[in-house]
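Here is the structure we will look at.
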Amino acid sequence: MIASGRIAAGVALHPRGRLAAAVLASVGIAVTSHRLALALLLLAALGACACAIVQGALAAGTALGRVAAVNGFVALTALTLPFAWTAAGPVLDPSGVELAWLVVLRANAVVLACTALLAGFDAATLARAAAGLRAPDKLCRLLFLIARYLDLLGAERARIERAMRARGFVPRSDRRTVEAYGKLVAALLAGAVARAERVERAMRARGFGRAVPAAPVREAKAREWAWAGGTACVLAAAWAYAGVG
Amino acid sequence: MSSERALSTTEPLLRARDLVASRGARRVLDGAALELHEGERLVVLGENGAGKSTLLMALLGLLPGVAGEVEIFGRPCRTEADFAPNRGPVGLLFQDPDDQLFCATVAEDAAFGPLNRGATPEAAARAAHAALGALGIARLADRPPHALSGGEKRLAALAGVLAMRPRVLLLDEPTASLEAGATTRVLEALLGTGLPLVVATHDPACDAALGTRRLRLADGRCREA
Amino acid sequence: MHLAEGVLSLPALAATASLAVAGVAIGLKRLEDSRLPLAALLGSAFLVAGAIHVPLGVGSVHLLLNGLAGLLLGWAAFPVLLAALLLQAALFGFGGFAVLGANLLIMAVPAVLAHYLLRGLASDAAPWRLRLAGALAGVIGVGGAGALAAVVLTLGGGREFAGLAALFGAAHLPVLALDAALGAVAVPALARLVPDFTRRGTVEWAR
Ligand SMILES: Nc1ncnc2c1ncn2[C@@H]1O[C@H](COP(=O)(O)OP(=O)(O)O)[C@@H](O)[C@H]1O
Ligand SMILES: [Mg+2]
């Protein structure tokens, strides 16, 4: 589940440049309220995804799955926004229709852009990228540790669930299932507490902080900033073109 | 110990053929096969990483993407729905008891299986305590599992399996990482059940005490040993 | 309970992001170095537990558990949930980065609230009080998140969003029921698995 966000090929190049670009793209798209500009940005993001897929950095199924997931919420939005609720029932509201268009375009453009820019990221890469962007030190160490133990606890959950199934457990919509999963959650948390105590002890044995090295922050290379620069250019181009047209 | 194969004119309790299973990128089982008959205690020997755990889990349909034929009590099992009713009648003791013991107390954990099979809480508690009693660990009933010793954990996990009144046991290294005294207690408990079983092990003591027949798992296949 | 990118106006994005930054700053300041591993491990555990799906009708519901997380984490819920949301955004494409602040507020404010409202109840060893605390953690966590999402949507999106806010809230009633029922089992079980859990298993109680 967790590990499925990972793609094999060595694509995790320039993580901080790409994370910065993804943040920039998100913000840029979110503040754009021009339909034509958004349509252009959506096309650009689609193109970026296609590139990533062709280069083997991104699985087409992954991209499709993400777009589908986002559009559940978007569909809800697009269906409710265009109507204003009056005493006489729902009436079509032009400003709502316009908003619905914006939401559909923005949400899809952002998910496609981020999917393309962050293709091949895993938890550790994200932590490294955040450290590279000089996020607060404690937050970075937190991210590193969470990333470090995510797969481990995921595997623990899978093993416990398998042992539960071996004794006839079948998840259903019933009290029994809630009880079993409640205990599973408690077991995961208890395991986490026990491991945290061991980790803390091990950290203490080696002096605080040393066991959780925040990644050394290198000076950014021009190539890394090219990701953010390129993204900024695409945003500017879309805005300019839409402003002219 | 008799090393003769128990003669049986009836269907085998378990039969697996042509099992193929991969873990990660590695093909772990590659045409493995075994049969277990009434009255038998089959030992599956194999190095660390040979695929013993994989084989036992595949026999109960617990791993995704396993190819091959499995028959349990004469019935072919292909889908989750085929396997599900057999989890219980075929009891699996996992290699790591910590995977199995996830409830707050030993008794609660032993009641988990019976409750899954629709027992009332009272009946499940009775089954749990009976299983604990039969293994001589009734005194552990209210203890939290993480505070048990290795041998106690193994017996507590076994109680969770026995509480479901299995007809066959699958045991994954039941004596691994136990000292001699605990090993003896676990082996006596297993013999005491009188149940036919498949035991994956590389512990000579376990092999000698339990086995009526031996297979060696290597290169993904089982051979008579 | 993720708002998708694109529904909030620029002022709303800016306001929620600033509040979220403030929350994270408080959380990080109060988080002692010695409690960092515990906060992180709990974060991993909640991320893993959040992926559990319980079948419901033709579909399934997944757990939110932000109330329970808040009960154990206190203010550290802000940085821990931020890390979790970042991971989900980067690995699964949930939400974007501009709306991250809003999504963090929606999850973390009820979490911190649950901590302060329930820590007294959960410090007591009586099983019924632990059960109640677990159930209320689900109610406060999911109910608070739903209410906050509705507020953020109507204030930050516009009056057109009233219908969506109502629907969004209604869609989370099953999650609320599930989180509450599950919390009622999980908290007493945790208290038995981790003796002295208010000291060993929580980030802030020990202070
Ligand atoms: N979850 C897993 N992911 C990837 N590989 C695994 C996993 N579990 C086991 N393996 C690999 O599968 C092989 C067989 O494992 P296993 O069945 O546990 O062997 P045994 O029980 O005989 O020691 C080993 O090489 C092991 O490394
Ligand atoms: Mg094994």
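We name chains A, B, ... by the order of the sequence lines, and we start the count at 1 in each one.
Note that CE of M164(A) is 12.5 Å distant from CG of L62(B), once rounded to the nearest 0.5 Å.
No side-chain heavy atom of K183(A) sits less than 4.5 Å from a side-chain heavy atom of D109(B). The shortest side-chain heavy-atom distance between R159(A) and Q100(B) does not fall under the 4.5 Å cut-off.
For R139(B), the CZ atom counts as densely surrounded, since its 6.0 Å shell holds more than 12 non-hydrogen atoms of other residues, nucleotides or ligands. Counting non-hydrogen atoms of other residues, nucleotides and ligands closer than 6.0 Å to CD of E80(B) gives a total above 12. Within 6.0 Å of atom CZ in R75(B), 12 or fewer heavy atoms from other residues, nucleotides or ligands are found, so the atom counts as exposed in its surroundings.
Heavy atoms closer than 4.5 Å to chain B are found in both the backbone and the side chain of A166(A). Residue contact with chain B, scored on non-hydrogen atoms closer than 4.5 Å, involves the backbone and the side chain of A180(A) alike. Only the side chain of L63(B) comes within contact range of chain A, with heavy atoms under 4.5 Å apart. Both the backbone and the side chain of R165(A) have a heavy atom closer than 4.5 Å to some heavy atom of chain B.
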task: Walk me through it: do R167(A) and R87(B) pass the test side-chain contact (heavy atoms from CB on, under 4.5 Å)?
output: CA-CA 5 Å; R167(A) 286 196 276 162; R87(B) 296 178 187 149; over 6 Å; no

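Contacts of residues 112-132 of chain B with chain A at a heavy-atom distance below 4.5 Å involve F112(B), G113(B), L115(B), N116(B), listed in sequence order.
The side chain to side chain donor-acceptor pair (under 3.5 Å) check on K153(B) picks up D98(B), with sequence neighbours excluded.
Residue R23(B) comes nearest to R162(A) through the heavy atom pair NH2-NH2, 4.0 Å, listed as atom of the first residue, atom of the second, then distance.
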